[in-house]
Amino acid sequence: MATTTNSYTSVAIIGAGSVGCTIAHTLMLRRVCAEVRLVDIAEDLCKAQVQDLQDATYLTNVRIKYATPHEAGQSDIIVITAGAKQRPGETRLDLIEKNYKVLGSVLKGLQPINPLAIILLVANPVDVLTHFTQQMSGLPKNQVLGSGTLLDSIRLRGLLAQRLNISDNSINAYVIGEHGDSQCVAWSSATVSGAHISLIDDISEEEKLEIGKLVSGKANAIIKAKGFTSYGIGATAANICEAILFDQRPVYPLSCWHDEYQCCISLPAVVGRNGVITQIPLPLNEKERAQIESSAATLREQISKF
Ligand SMILES: NC(=O)C1=CN([C@@H]2O[C@H](COP(=O)(O)OP(=O)(O)OC[C@H]3O[C@@H](n4cnc5c(N)ncnc54)[C@H](O)[C@@H]3O)[C@@H](O)[C@H]2O)C=CC1
Ligand SMILES: CC(=O)C(=O)O
């Protein structure tokens, strides 16, 4: 949690559904910013969410208010969660037609966007929507990023923590590529406190495959039972906002533009007040390189349809 509230900072959240409100709630509890601005096309719902969240602000010093898209466009960070969610059995890429249209109308409503704002994409398919936001928002590419595979990497570390009986904080392992079915685990660079993971325990190839499937299938398993996911992305998005507003510069696997792959895709990047500060090279073996190239090809194919 931030030790002091960042006094004049504002985060706008577009889309006051399950994900948007969980992000708002987490930002408030962790005192990441001074003001959270909530926007939704469903005005009554949005106002009711604001009323409910206001009851949770006691002693946090964080204001929460209903905002117009124009007011949201003037914020320090604009988080986009507006759009359709997956129904059980749907992939994230199945949402592209609907959410491309939603994104277009959201970006139009935000104009003129604060030239120093950072836009954080959360709505799915997050990599493809990050690409289109870089094209349509008018902001420099480093100021537009997607939550990408940070959430998947947290899921991976959670499973490895259980398997190795070591805190997830001491495990450095990344899921890279699409935040979706073509993602891959970068096993060759997974370490525990600097030691390659294979020195800690001999995880077989079958087990690695099984862990990778559990990670990439986790959202679908949750959606099948409860209809949506929200707490994981709430914490993940709030962490990213904190890293930006406090210029903390952690290395996170986030969706951002990569010249090499000609799309927005997740690989480790340093995050700070200007968005993506720099990209960190990740050593990959031949198999992982082929997987990320195939993941990038999947994303480029989606982009080329529009
Ligand atoms: N990147 C990630 O790791 C994650 C992404 N998601 C994605 O987040 C998105 C939202 O999910 P939920 O909150 O569960 O859905 P939801 O249905 O609860 O909320 C979506 C909200 O967007 C609003 N909306 C639609 N069009 C709008 C527009 N033009 N302007 C403003 N608001 C608009 C709707 O009225 C609704 O309140 C989905 O695309 C979902 O797949 C969800 C979890 C994790
Ligand atoms: C829904 C989604 O993208 C997730 O929870 O990973």
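Both ligands and their constituent atoms are indexed starting at 1 by order of listing. On a predicted model such as this, the values are computed, not experimentally measured, just so you know.
Nearest protein neighbour of atom 9 (C) of ligand 1, counting heavy atoms only, is T81 O, 3.3 Å. The nearest heavy-atom contact from the protein to atom 29 (N) of ligand 1 is S105 OG, 3.4 Å. Of the protein's non-hydrogen atoms, K85 CD, 3.5 Å is the one closest to atom 14 (O) of ligand 1. In this structure, the protein non-hydrogen atom closest to atom 23 (C) of ligand 1 is D40 OD2, 3.2 Å. If you check which protein heavy atom lies closest to atom 31 (C) of ligand 1, you get I41 N, 3.3 Å. Distance from atom 5 (O) of ligand 2 to its nearest protein heavy atom, with residue and atom name: T229 OG1, 2.7 Å. Nearest to atom 13 (O) of ligand 1 among the protein's heavy atoms is V19 N, 2.9 Å. Nearest protein heavy-atom contact of atom 6 (N) of ligand 1 is N124 ND2, 3.5 Å. Atom 43 (C) of ligand 1 has T229 OG1, 3.1 Å as its closest protein atom, hydrogens excluded (heavy atom only).
Hydrophobic clustering places L103 together with I303 (ILVMFWY residues linked when any side-chain heavy atoms are closer than 4.5 Å, directly or through intermediates). There is no path of hydrophobic side-chain contacts, each under 4.5 Å, that joins I77 to L139.
Salt bridge annotation for D94-R92: absent, with no cationic side-chain nitrogen under 4.0 angstrom from a carboxylate oxygen. Looking at E43 and K47, a side-chain N of the basic residue comes within less than 4.0 Å of a carboxylate O on the acidic one, giving a salt bridge. The pair R37-E35 meets the salt-bridge criterion, since a charged nitrogen lies less than 4.0 angstrom from a carboxylate oxygen.
Close N/O approach between H179 and ligand 1 is found [any backbone or side-chain N/O within under 3.5 Å]. At a 3.5 angstrom cut-off on N or O pairs, I233 does not count as close to ligand 1.
Test L121, D127, V128 against P125 for side-chain contact (heavy atoms from CB on, under 4.5 Å) and you get one pass: V128. Of the listed residues (D152, L151, L160), just one forms a side-chain contact (heavy atoms from CB on, under 4.5 Å) with V215, and that residue is D152.
A 4.5 Å side-chain heavy-atom check between C33 and S10 finds every atom pair outside the cut-off.
Residue-level proximity to ligand 1 for A82 is carried by backbone and side chain together, each with a heavy atom below 4.0 angstrom. Contacts of N124 with ligand 2, taken as heavy-atom pairs under 4.0 Å, involve the side chain alone. Within the 4.0 Å heavy-atom criterion, the part of R92 lying near ligand 2 is the side chain and not the backbone. Heavy atoms of S18 found under 4.0 angstrom from ligand 1 belong to the backbone as well as the side chain. Residue contacts with ligand 1 for V106 involve side-chain atoms from C-beta outward but no N, CA, C or O (heavy atoms, distance under 4.0 Å). If you look at A84 next to ligand 1, the close heavy atoms, those under 4.0 Å, all belong to the backbone. Residue contacts with ligand 1, taken as heavy atom pairs separated by less than 4.0 Å, do not involve T236 at all. Within the 4.0 Å heavy-atom criterion, neither part of R92 lies near ligand 1.
Set against the non-hydrogen atoms of Q86, the atoms of ligand 2 under 4.0 Å away are 1 (C). Interface of A219 with ligand 2, defined as ligand atoms under 4.0 Å from a residue heavy atom, comprises 2 (C), 4 (C), 5 (O), 6 (O). In summary, the atoms of ligand 1 found under 4.0 Å from a heavy atom of L45, numbered by their order in the structure, are 37 (O). If you number the atoms of ligand 1 from 1 as listed, the ones under 4.0 Å from a heavy atom of N99 come out as 39 (O). Listed by number with element, the atoms of ligand 1 under 4.0 Å from a non-hydrogen atom of G83 are 20 (C), 22 (O), 25 (C). Remark: ligand 1 atoms within the under-4.0 Å shell around heavy atoms of L151 are 3 (O). In summary, the atoms of ligand 2 found under 4.0 Å from a heavy atom of R155, numbered by their order in the structure, are 4 (C), 5 (O), 6 (O).
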Practice prompt. Check the pair R289, E286 against salt bridge (Lys or Arg N to Asp or Glu O under 4.0 Å), reporting the backbone distance first and the verdict last.
Written response: CA-CA 5 Å; R289 182 156 291 283; E286 225 170 280; over 6 Å; no
Practice prompt. Decide yes or no on side chain to side chain donor-acceptor pair (under 3.5 Å) for R31 and T60, but give the supporting numbers first.
Written response: CA-CA 7 Å; R31 301 179 192 182; T60 67; 5.8 Å; no
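Taking the centre and axis of the six-membered ring of Y174, the NZ or CZ atom of R157 falls inside the cone set by 45° and 6.0 Å. A cation-pi arrangement is not found for K98 relative to Y100, the charged atom failing to lie both closer than 6.0 Å to the ring centre and inside a 45° cone about the ring normal.
Within a 6.0 Å sphere centred on NZ of K208, heavy atoms belonging to other residues, nucleotides or ligands number more than 12. Within 6.0 Å of atom NZ in K224, 12 or fewer heavy atoms from other residues, nucleotides or ligands are found, so the atom counts as exposed in its surroundings. By the neighbour-count criterion of 12 heavy atoms within 6.0 Å, atom NZ of K108 is sparsely surrounded, having that number or fewer from other residues, nucleotides or ligands.
The shortest heavy-atom distance from K218 to ligand 2 is not under 4.0 Å. Every heavy atom of I233 sits 4.0 Å or more from the atoms of ligand 2.
Side-chain polar atoms of S198 and H196 form a donor-acceptor pair below 3.5 angstrom.
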